[in-house]
Amino acid sequence: MPLCWISRFLKLTLCLVVSTWVLQPAVHGQDLVQEAVAAFPLQTVRLEYSKPAVLRTLPDYNTLRQRYVGPNLRALEAFLAKLGVQERDIDELVLGWQKGEGEGGMVLEGVARGRFDPRGMASRAASQGIEAVPVQDATAYCFGSGPEATCVAALDRTRGIFGPLAPLTAMIEARAAQSPTLSSDSHFMSLLHEAQANTPIWGVALGAAISDWFKGWMPSQKDMQLDWSQAFQRVRSLSYRVQTADKVHLDVTMTCDSAEAATQLGQVLQGLKLFQQLAWQQQNPNRPNPFEDATVAAKGQQVSLALVTPYTALEGPPIGQ
């Protein structure tokens with residue numbers, strides 16, 4: 001083989017090796033998302049991907065986590081700990097919400113990648129009197145009673161699935177191609193494709209889930225009286241990406257049902273920003289204003305919101321909690 005061809009071969013091989021190494025985290029995330037949408041039901045109105053393995057490396061991780069881990073996830077973490085699965089064992093997480101009677105009127109379910117020990121979970125559950133519920137070829141363990149009790153099942157030593165028993169059973173059955181899933185919703189899948197990013201947190205929301213998302217993610221403001229569901233009534237979809245560095249960088253895109261609705265929403269968000277700037281110093285004189293560097297822009301049917309927020313501005317409960 002001529003030396004020039006050997007050189008080209010070595011360069012190509014090195015390029016492929018480096019590309020594989022660089023792209024591996026993104027591929028893993030895509031795999032878990034694909035697995036989730038193949039299990040989540042068609043009624044899913046919100047999906048969020050997060051990478052706790054990356055977020056845990058942040059010096060301000062506890063501040064970020066305390067704010068955005070809602071009551072349902074806190075209860076789930078406590079239950080997993082009873083089964084021997086600690087928060088540090090979860091590397092990637094895909095959460096799904098569907099309409100129901102759960103937190104904020106939504107039912108939470110999800111798929112996780114990390115470290116699970118099915119035998120250890122079974123042993124711990126038996127020692128604590130936690131009932132084992134067979135679900136096809138998996139075993140679910142439920143915390144509490146009633147249709148909204150959170151249940152967990154280890155699919156193998158690297159993946160777990162959770163949600164109330166009925167949704168969890170439906171997800172396991174869907175994995176066996178026994179029922180329609182979110183993957184067959186072309187509109188939702190198109191939104192996911194556009195939203196996917198190499199950031200530690202990203203997601204999409206539809207309909208009623210939009211106002212719920214906004215209330216949870218936006219820094220709180222005392223005395224702010226705003227009907228969030230009314231404000232987002234004409235918003236059809238929302239996608240967001242969160243980049244974490246020295247500050248939290250949040251980029252949101254909202255698609256409205258018309259250009260007129262987008263203009264109106266942009267005005268509402270601009271008004272919210274102005275209200276924040278006027279009221280913040282009186283209510284929080286020693287804390288940075290989380291909306292100080294916010295930018296809002298409306299173009300066509302879309303409204304974009306960019307927010308750069310210091311971690312210290314995230315302390316305290318989200319709006320509505």
Side-chain angles (χ1 to χ4, degrees), residues 28-56 65 68-83 85-116 118 121 133 135 138-144 147-175 179 181-183 188 192 195-196 200-206 209 212-213 216-217 240 242:
H28 277 176
Q30 293 170 5
D31 286 348
L32 192 65
V33 172
Q34 291 173 0
E35 184 170 354
V37 298
F40 289 170
L42 281 170
Q43 297 86 352
T44 302
V45 291
R46 179 182 164 194
L47 181 147
E48 179 175 284
Y49 170 83
S50 63
K51 194 178 292 186
V54 171
L55 295 171
R56 279 192 294 268
R65 181 169 171 268
Y68 298 120
V69 176
N72 280 8
L73 277 179
R74 282 194 288 269
L76 174 66
E77 287 182 357
F79 182 40
L80 284 172
K82 287 178 176 288
L83 297 174
V85 182
Q86 305 299 324
E87 188 274 338
R88 62 179 177 271
D89 293 320
I90 305 300
D91 294 335
E92 291 180 278
L93 191 61
V94 180
L95 303 176
W97 287 261
Q98 58 176 301
K99 294 179 181 179
E101 302 299 326
E103 178 185 359
M106 298 287 172
V107 173
L108 176 67
E109 56 206 7
V111 179
R113 188 198 303 276
R115 287 157 295 284
F116 296 86
M121 291 171 66
V133 182
V135 182
T139 301
Y141 305 98
C142 298
F143 184 59
E148 295 180 15
T150 298
C151 302
V152 175
L155 301 176
D156 53 33
R157 295 187 65 85
T158 64
R159 294 168 304 148
I161 194 168
F162 59 87
L165 185 58
L168 182 140
T169 301
M171 284 192 290
I172 293 178
E173 291 175 348
R175 288 167 51 83
S179 60
T181 67
L182 191 58
S183 60
F188 202 105
L192 280 184
Q196 272 189 331
I201 304 173
W202 60 265
V204 300
L206 300 175
D212 283 345
W213 175 89
W217 270 97
Y240 58 97
V242 182

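Keep in mind it's a predicted model, so treat the numbers as computed, not measured. All values below come from the heavy atoms of this structure, side chains included, with hydrogens, waters and symmetry mates left out. Heads up: numbering here begins at 1 and tracks the sequence.
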Could you check whether any side-chain N or O of Arg56 sits under 3.5 Å from a backbone N or O of Glu87, counting only pairs where one atom can act as donor and the other as acceptor? yes
So which atom in [X] and which in [Y] form the shortest heavy-atom distance, rounded to 0.1 Å?
X      : Y      : result
Ala195 : Gly203 : CB-O, 4.1 Å
Leu83  : Met121 : O-CG, 3.4 Å
Pro118 : Arg157 : CD-CG, 4.0 Å
Leu168 : Ala153 : CD1-N, 4.2 Å
Pro200 : Leu55  : CB-CD2, 3.6 Å
Ala140 : Leu165 : CB-CD1, 4.4 Å

Between Glu35 and Arg113, does any side-chain N to carboxylate O distance fall below 4.0 Å?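 Salt bridge flag = no for Arg113 with Glu35.
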Quick one: does [X]'s side chain get under 4.5 Å of [Y]'s, heavy atoms only?
X      : Y      : answer
Tyr240 : Trp213 : yes
Val133 : Cys151 : no
Phe116 : Val85  : yes
Glu48  : Trp202 : no
Gln43  : Val107 : no
Val152 : Leu76  : yes
Val45  : Met106 : yes
Tyr49  : Leu192 : no

Could you tell me the separation between the [atom1] atom of [X] and the [atom2] atom of [Y], rounded to the nearest 0.5 Å?
X      : Y      : atom1 : atom2 : answer
Tyr141 : Leu80  : OH    : CG    : 12.5 Å
Arg46  : Leu206 : CZ    : CG    : 11.5 Å
Asp89  : Arg115 : CG    : CZ    : 5.0 Å
Leu108 : Gln98  : CG    : CD    : 10.0 Å
Ile172 : Leu155 : CD1   : CG    : 6.5 Å
Asp31  : Gln34  : CG    : CD    : 5.5 Å

Set of residues satisfying salt bridge (charged side-chain N to carboxylate O under 4.0 Å, His left out) with respect to Arg88, sequence neighbours excluded: none
List in chain and number order the residues that pass ring pair (Phe, Tyr, Trp, His ring centres under 6.0 Å) with Phe188, two or more places apart in sequence or in another chain; answer none if no residue qualifies. none
Kindly determine whether Glu109 and Phe162 satisfy side chain to side chain contact (heavy atoms under 4.5 Å, CB included), including the steps that lead there. CA-CA 6 Å; Glu109 56 206 7; Phe162 59 87; 5.6 Å; no
Under the side-chain contact (heavy atoms from CB on, under 4.5 Å) test against Val37, which residue among Thr44, Thr181, Leu47 passes?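 Between Val37 and the candidates, side-chain contact (heavy atoms from CB on, under 4.5 Å) is satisfied uniquely by Leu47.
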